[in-house]
Amino acid sequence: MSAERQPIGVIGTGYVGLVTAAGFAQLGSDVFCIDIDADKIARLKAGEIPIYEPGLAEMVAANSARMHFSTKIADALARARLLFVAVGTPPTYSGDADLSAVHAVVEAIPAGSARGGEQGHALVMKSTVPAGTGASIKRVLAEQGKHGLCYVSCPEFLKEGSAVKDFMSPDRVVIGDDGDWAGDAVVELYAPLDAPLVRTDIASAEMVKLASNAFLATKISFINEIANVCEETGADVVEVAKGMGLDDRIGHKFLQAGIGFGGSCFPKDVNALKQLAGNSGYHFQLLNAVIEVNELQKRRVISKLLKHLGSLVGVKVCLLGLAFKPNTDDMRDASSLVLSARLQADGAHVRVYDPVAEREARSLIRGVHFATDALDAAQGADAVVLVTEWREFLELDWAQVAARMSGKLVLDGRNALDAHAVAAAGLTYEGIGRGSLTSLSG
Ligand code: UGA
């Protein structure tokens, strides 16, 4: 293999595809990005980045000479051997992963143009798929006469909001393959990142991804249940998590209690793993609890509001943040969706503000007032709820917020605010799993 970086194709230009493409371009590869969405490709060709991801626009701009955009898979096949697949695998009604976009990619590769062997092509699966997908795709490839087209599983561990950094310094790279040239080529592509490498069989690589997300989601639901018990016992979950996390077998990460996990990955992947187990006759009890705890946790704000305010009919509630977490405009499975709907169903008037996700949110959240900034959202509010811990909310001047509000309640759904600063402004602070702190200034 020459020292020259090999060109690659990336099919799907969503969060995963675009970051992967920009990352490999940064490492020196020519990258042929393919998407069936002609509008998206036109925008990318014009230098516009269709998603909000810190550092991504800069990375794409810096590598524009090496990044090529097209709607035709043939353009990637003609120039690259490795075709990274990064298309969506949303949940179906049954909770299984919908693999139709993955199958459409397989279909779109013409038998004649996909060469096998040392000089051939390989599909490198980045999309999160159930364990066993690689084996079934290989069967489909054989049925369609696409012999020799190799298959590699290379699951993605990027976090939205820090995806560019995660690409450049991954905790690990997992490559599942049949021990052929394609696995070696993917190993070589990742070599400059100098990350711990797990090279294994395809099914195990697929399972590493699902099990990792399910474990992280379990950690969150676990600390959320501890938070709920803390509320009954007078303990503070933030202190408890600090004490637990110092045990390096436990660690501090993903022990932040709050109003539940969301996003395009955890809810979908936990469910998909549960279904995958169920389809093969195994009842994955733990994951049922993880999912149920998360659903109840999103609604916990409602019971706290009721405790402080009585009925919610006619009450004005301000939601700070809508995205499923900070530094993203992603609204998929965001706790704000459940919260705004529940509040309105209980008769509350809802004012919302998110610094980045408003455009996405407008098509999903109806009947609320979209405010121009946090202070505007707090105008006349009986209660302010922190839903997404954007930095600008952590730096709010609570005296100014108090002056806008008509009530005094601040519910910190992410345990991210300075409780004393809130209380010093004459407001009542309540977090998740840590009791409340009332008005220090009387
Ligand atoms: C997650 C994984 O962290 C990535 O490793 C994985 O690659 C990705 O899914 C994927 O499968 O593509 P992401 O969905 O971007 O990444 O978001 P996270 O940062 O993991 O947060 C997920 C949710 O958990 C957020 O709603 C966040 O608010 C919540 N969370 C996180 C907590 O409630 N408490 C915590 O302590 C940590």
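Counting convention: from 1, in listed order, for ligands and their atoms alike. Since the structure is predicted, the reported quantities are computational estimates derived from the model, not experimental observations.
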Legend entry - Distance-only donor-acceptor check, side chains Asp30 and His68, under 3.5 Å: yes
Inset, instruction - Determine whether the side chains of Ser153 and Lys209 contain a donor N or O and an acceptor N or O closer than 3.5 Å. - result: no
Inset, instruction - Between Asn224 and ligand 1, find which residue part has any heavy-atom pair under 4.0 Å and reply side chain, backbone, both or neither. - result: neither
Legend entry - Cation over ring face, Arg362 and Phe370, 6.0 Å, 45°: yes
Legend entry - Phe157 six-ring centre to Arg172 NZ/CZ under 6.0 Å and within 45° of normal: yes
From [X] [atom1] over to [Y] [atom2], what is the distance, rounded to the nearest 0.5 angstrom?
X: Met244; Y: Phe222; atom1: CE; atom2: CZ; answer: 5.0 Å
X: Leu255; Y: Lys253; atom1: CG; atom2: NZ; answer: 11.5 Å
X: Phe32; Y: Phe84; atom1: CZ; atom2: CZ; answer: 14.0 Å

Looking only at protein heavy atoms, which one is nearest to [atom], and how far off is it?
atom: atom 23 (C) of ligand 1; answer: Phe261 CB, 3.6 Å
atom: atom 5 (O) of ligand 1; answer: Phe157 O, 3.0 Å
atom: atom 36 (O) of ligand 1; answer: Gln256 N, 2.9 Å
atom: atom 1 (C) of ligand 1; answer: Phe266 CE2, 3.5 Å
atom: atom 33 (O) of ligand 1; answer: Ile220 CG2, 3.5 Å
atom: atom 3 (O) of ligand 1; answer: Lys159 CG, 3.5 Å
atom: atom 21 (O) of ligand 1; answer: Lys325 CD, 4.0 Å
atom: atom 4 (C) of ligand 1; answer: Leu158 O, 3.4 Å

Inset, instruction - Verify the neighbour count for atom CD of Glu392: are there more than 12 heavy atoms of other residues, nucleotides or ligands below 6.0 Å? - result: yes
Inset, instruction - Answer yes or no: does atom CG of Leu99 have more than 12 heavy-atom neighbours from other residues, nucleotides or ligands under 6.0 Å? - result: yes
Legend entry - Glu430 side chain vs Leu437 backbone, donor-acceptor pair below 3.5 Å: no
Please verify whether a non-hydrogen atom of [X] lies at under 4.0 Å from ligand 1.
X: Gly258; value: no
X: Arg414; value: yes
X: Lys209; value: yes

Inset, instruction - Using distance alone, decide if ligand 1 has a nitrogen or oxygen within less than 3.5 Å of any nitrogen or oxygen in Val16. - result: no
What atoms of ligand 1 come closer than 4.0 angstrom to any heavy atom of [X]?
X: Glu160; result: 15 (O)
X: Asp269; result: 11 (O)
X: Glu156; result: 7 (O)
X: Cys265; result: 8 (C), 9 (O), 10 (C), 11 (O), 12 (O), 14 (O)

Inset, instruction - Report the C-alpha distance between Arg359 and Asp329 in whole Å, list the side-chain angles of each, state the deciding distance to 0.1 Å, and finish with yes or no for salt bridge (Lys or Arg N to Asp or Glu O under 4.0 Å). - result: CA-CA 8 Å; Arg359 197 166 63 96; Asp329 60 351; 5.2 Å; no
